[in-house]
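Below is one structure, written out as C-alpha cells, with a few remarks after it.
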4 protein chains.
Amino acid sequence: MSGTPTSNHAHRDVVLETARLILADNGVKGLTIEGVSARTGVAKTTIYRRFRSKQELALAVVRQMTAEVVAVEQHGNSRARLVAVLERAVTLLRTTVMGKVMKGLVSDIATDPELGAAYHREVISLRVTTVHDIVQDGVASGELKPETDAGILHELLFGAVYYRLLLNGGELESAMADRIVDAILPAFLIHPSH
Amino acid sequence: MSGTPTSNHAHRDVVLETARLILADNGVKGLTIEGVSARTGVAKTTIYRRFRSKQELALAVVRQMTAEVVAVEQHGNSRARLVAVLERAVTLLRTTVMGKVMKGLVSDIATDPELGAAYHREVISLRVTTVHDIVQDGVASGELKPETDAGILHELLFGAVYYRLLLNGGELESAMADRIVDAILPAFLIHPSH
Amino acid sequence: MSGTPTSNHAHRDVVLETARLILADNGVKGLTIEGVSARTGVAKTTIYRRFRSKQELALAVVRQMTAEVVAVEQHGNSRARLVAVLERAVTLLRTTVMGKVMKGLVSDIATDPELGAAYHREVISLRVTTVHDIVQDGVASGELKPETDAGILHELLFGAVYYRLLLNGGELESAMADRIVDAILPAFLIHPSH
Amino acid sequence: MSGTPTSNHAHRDVVLETARLILADNGVKGLTIEGVSARTGVAKTTIYRRFRSKQELALAVVRQMTAEVVAVEQHGNSRARLVAVLERAVTLLRTTVMGKVMKGLVSDIATDPELGAAYHREVISLRVTTVHDIVQDGVASGELKPETDAGILHELLFGAVYYRLLLNGGELESAMADRIVDAILPAFLIHPSH
DNA sequence: GACTAAGCGAGACGGTACGTCGCGTCTTAAA
DNA sequence: TTTAAGACGCGACGTACCGTCTCGCTTAGTC
C-alpha cells in the first residue's frame, strides 16, 4: 500500500516536477513543502530529507532547467556569439517558468549566502566563463580592445536584462539581446562599424 | 472634509523609524508587523491601517531614504553627471541599510504588481528622467551621438549595479560607478577619448 | 451637511429599526454596533450614548416588539385564557424575528445581571402577573384548586416553549399552546374533564 | 491503518480540565482558545485541531460532566423515578459549573445547528429515552394514563428548570425537582392522591 | 529464510506570524 | 452641546506553513 520499493530517485523527480508545475502556476510564494507533499503524495519528511527548504527546492528546479538548455557551442564573430549567449538567457526568462521563478527567488539568493553561493556556482560562473572566452577570442582576433574587461561586460549584458525583469517592470522583448549587445559593443570594438 | 492630513504623523514616523532599525538588523525577513507593533507600542491594527503589508512598509522606508538623498543638481560634462547619478545610488546601496532592504524586497517588487508600480513610480522613473535629461543635454552639446537611447543606457548603468548586488554576489566597490560609466560611455560618445 | 437638528428620538428609531432588520437577517451574532452605524449613518459614538452594548440594543428591540403585541384582555374560562396567553408568546416566537433574537440573546440575559433584570422587569413579570390573575379568577370561580401555585404554573407553561425553542431543537408548532395547556391543566382543575 | 487512537489522550484531558476551570471562574465568555493555550502550554493550533471552536470545547466539557453523572438505575414508582431523574439535572446545574456553562452556551446551542445537533444527541436524547421508559413502565403498571405523552412530559419537566435558570432569573432550589413533579404528575396519574 | 537497517507514510505537535473583526474610548471640528 | 467622522489600543480570532518528532510498516541487503 506504500513504501516505495524503488530507489530514492523516483521521489526526487516527482517532487521536482511537481515543484516546477506549482512554480509555474503560483510562483515561489505559492510553493510550499506542505503543498508539494500533498500533491505528490510524498511525505513531508521525505521531502525535507532531500531539500532543506523550499528555496533549495526551487533552486534545484532552476538548476535542472538551466542544465536542459545545453550550451550549444556558438561560432561567429564576437557580436554574434555574445548575442547568442544573452539570447539564450532572455528566452529562458521570457518563455518558460524561469522568469517567474527568478522573480520569486532573487531575494533568497541575494540574502541567503549558501543559496547565493550555489546560484553563483551553478549559473553565474558559467556565464562569466563564456563571456570571458568570447572576449579572449575577440581580443586575439583583433576585434576587441585588449583592455576589455570580461567581468564588467558580463555584468552590463546580464544586468540590463535582470534589471528590467526585476525592477523596471517591463516586458523582456525578444530582440532585447540584440539591442543590448549593439548598444554596448561599440565601446569594446577596435573598429566600431560607424 | 475627511482624511485628516494632520493626525497621521506621530505614529507614522515612529513606525517608519523602527522599521528602518529592524530592517538594518534583520533585513526584510526579520521585519514583521507584529514585531514593529511590539517595539513601538503602536497597535498592530493601527499599523495595518497605514501599511497594507510589511512590503509596503519596507517600501515606505525605501521611499523615505530615497527622498532624503536630495537630487543635487549636477553640472559638468555628460560623464561626470552620469557618474554622479550612479554614484549616489551605489553609495546608498553600499553604505546604508538600503542594500539589505533591496535584497529582501526585490522579489516582492518583481512579483506584486502594485508594489512594482509603486517602486517604479517613486524610484525608477526619477532615474529615467535624470538619465534622459543628461542624454538630451549631451546630444545638444555635441558630446553624445544623436541616436543615443536614454532608456537602454539607464538599464545598462543601473542594471550592472543591481546585478552584482543581487545575483553576482559581489561587493559593490566605491569606484563602481566610475568603472561602469567608463566602460559604457565610449559607445555613446561622438569622440571617444581613445 | 448633517448633524440632525431635531431631537434625539429620530436617531433612536432609525437605529432600532435597522437593528431589527439586521437581527432578522443575521441574528444577534450579526448585530454589531459598527454595522448599525455603517448602515444608518448614525455615528458609533451616538449609538453608544443610547445603548451601552449590542445586547441592550437587542433588548430594546425585544421590548418594542413585545409592546406592540398589546395585551388584549382575554375572557373565557381558565383554559381559554391560559391558551390565549401562551399562544401569543408562541406566535411571536414562531412568526417574527423574536425567535431568532431570543436564541441569540438568552445567554446574555442569563449571564448579565443587569440585562437579566431588565428582561425580567419588562417581559417575564407581565406573564407572571397575567397567569397569577387567571389563577386567582379560576380559584374564585371554583374551576381551579385553591392551592394552585401560579408561579410554577407559569414556569411550566413557558418553560416547555422555551425549552423546545432553545435546547430541544424542535420547531414550535402552532398548536403547541393548546397541547401544553391541555397536558398540564388536569393537575390543577378541580373537575378534570376525564 | 491510521488515526492512531492512542495518541490523542494526554493533551485532550489537560485541555478539557483547564477549560472546565476557566469556565468555572469566568463562564463561557471568559473561555478563549488563546487563554486555554496559554494556561496549558498546549499550542493554539493543537487545540484547534481537536476543537473547532470554543463552543465545541465547552460542549465537550458538558458532555464529560454529563457522562460522569452515571445514570444509576432508579427504582420505585413513577413519581420517585421522575423526581430522581429531574433531581440529577437540577443538582448538576445547581452545584457544579454546569449551570454557568449552560447559561453561556445556550445561545450557541440554539443558534448553531451543528452544535445543537450534538447537544441533542448527547444530552437531550438520553433524557427523552429515560422519561419514555418511565412512562412506559408506569402505563404498564396502571399508574399512568395510557395516553400519557412522554415527549411533552419531558419538555414540561426540564423546561421549567431551564426556564428558571435562563430567563426567570431565579435560583434553582434543591427541592425544585419535587415541586415540579408534584405539580405536573396529577395530570397523568390515573388515581391522583387527592 | 530469518533479521536487521533504512527509507518511508502518516500525521501530531509547538511555534510564529499572519491579516481581520469588532469592541469601546477618545479627539477633533462642524453645526 | 450634540453630533459625525474616524483614529486608536486592544483582545481574540482562525489560518497557513514551518520544521521537528515519533511511530509503525515495508522492503532490501546480510548472514
Side-chain angles (χ1 to χ4, degrees), chain A residues 1-8 10-11 29-38 40-50 52-54, chain B residues 1-4 6-12 29-38 40-54, chain C residues 1-8 10-11 29-38 40-49 51-54, chain D residues 1-4 6-12 29-38 40-54:
Chain A
M1 194 150 298
S2 58
T4 13
T6 39
S7 86
N8 20 23
H11 285 306
K29 292 208 78 163
L31 181 68
T32 65
I33 302 287
E34 203 118 14
V36 174
S37 168
T40 54
V42 175
K44 236 169 43 157
T45 347
T46 307
I47 300 176
Y48 272 113
R49 257 171 229 133
R50 306 223 181 295
R52 274 214 285 261
S53 63
K54 72 168 180 178
Chain B
M1 197 139 298
S2 63
T4 12
T6 33
S7 64
N8 296 0
H9 283 314
H11 286 301
R12 252 198 95 91
K29 293 206 80 164
L31 181 69
T32 64
I33 301 286
E34 200 119 7
V36 175
S37 169
T40 54
V42 175
K44 220 167 56 155
T45 24
T46 303
I47 301 176
Y48 272 113
R49 272 173 207 129
R50 304 220 181 296
F51 308 96
R52 275 214 284 264
S53 61
K54 71 169 179 176
Chain C
M1 194 150 298
S2 53
T4 11
T6 37
S7 88
N8 20 22
H11 286 307
K29 292 206 80 164
L31 181 69
T32 65
I33 301 288
E34 204 116 15
V36 174
S37 168
T40 54
V42 175
K44 241 169 40 158
T45 347
T46 308
I47 300 176
Y48 273 113
R49 247 170 242 132
F51 308 96
R52 273 214 284 260
S53 62
K54 73 169 179 176
Chain D
M1 198 146 300
S2 62
T4 14
T6 33
S7 64
N8 295 0
H9 284 312
H11 287 302
R12 249 199 96 92
K29 294 206 79 163
L31 180 69
T32 65
I33 301 286
E34 199 118 5
V36 174
S37 169
T40 55
V42 175
K44 220 168 58 155
T45 24
T46 303
I47 301 177
Y48 272 113
R49 272 173 208 127
R50 304 219 182 295
F51 307 96
R52 275 215 282 265
S53 62
K54 72 170 182 178

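Source: prediction; values computed, not measured. Order of the sequence lines sets the chain letters (A, B, ...), proteins ahead of strands, with each chain counted from 1.
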Note to self: Is any side-chain heavy atom of B:V42 closer than 4.5 Å to one of B:S37?
What the structure shows: no
Notebook entry, point to check: Is there side-chain contact between B:K44 and B:Y48, with at least one heavy-atom pair below 4.5 Å?
Noted result: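 A side-chain contact exists here, since the closest heavy-atom pair is under 4.5 Å.
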Notebook entry, point to check: Of the candidate nucleotides F:dC13, F:dC18, E:dT16, which contains the atom at the shortest distance from the side chain of A:I33?
Noted result: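 Nearest nucleotide to the side chain: F:dC18.
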Item checked: Approximate separation, where rounding is to 0.5 Å, of C:L31 CG and C:S53 OG -> 10.0 Å
Notebook entry, point to check: How long is the span from the OG1 atom in D:T32 to the CD1 atom in D:I47, to the nearest 0.5 Å?
Noted result: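 Separation between the atoms: 9.0 Å.
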May I ask you to evaluate whether [X] reaches the phosphate of [N], defined as a side-chain N or O under 4.0 Å from OP1 or OP2?
{"X": "D:R49", "N": "E:dC13", "value": "no"}
{"X": "D:T46", "N": "E:dG14", "value": "yes"}
{"X": "A:R50", "N": "E:dC8", "value": "yes"}
{"X": "A:H11", "N": "E:dG7", "value": "no"}

Taking atom [atom2] of [N] as reference, at what distance in whole Å does atom [atom1] of [X] sit?
{"X": "A:I47", "N": "F:dC17", "atom1": "CD1", "atom2": "P", "answer": "14 Å"}
{"X": "B:L31", "N": "E:dT16", "atom1": "CG", "atom2": "P", "answer": "17 Å"}
{"X": "D:E34", "N": "E:dA17", "atom1": "CD", "atom2": "C1'", "answer": "12 Å"}
{"X": "D:Y48", "N": "E:dT16", "atom1": "OH", "atom2": "C1'", "answer": "15 Å"}
{"X": "D:K44", "N": "E:dG15", "atom1": "NZ", "atom2": "P", "answer": "13 Å"}

Checklist line | Shortest non-hydrogen separation from A:H11 to A:R50 and the atoms involved | finding: CB-NE, 4.4 Å
How would you label the contact of [X] with the nucleic acid (heavy atoms, under 4.0 Å): base, sugar-phosphate, or nothing?
{"X": "D:S53", "result": "nothing"}
{"X": "B:R52", "result": "nothing"}
{"X": "C:G41", "result": "sugar-phosphate"}

Checklist line | Position toward the 5' end of DNA chain E (nearest nucleotide), D:T45 or B:K54 | finding: D:T45
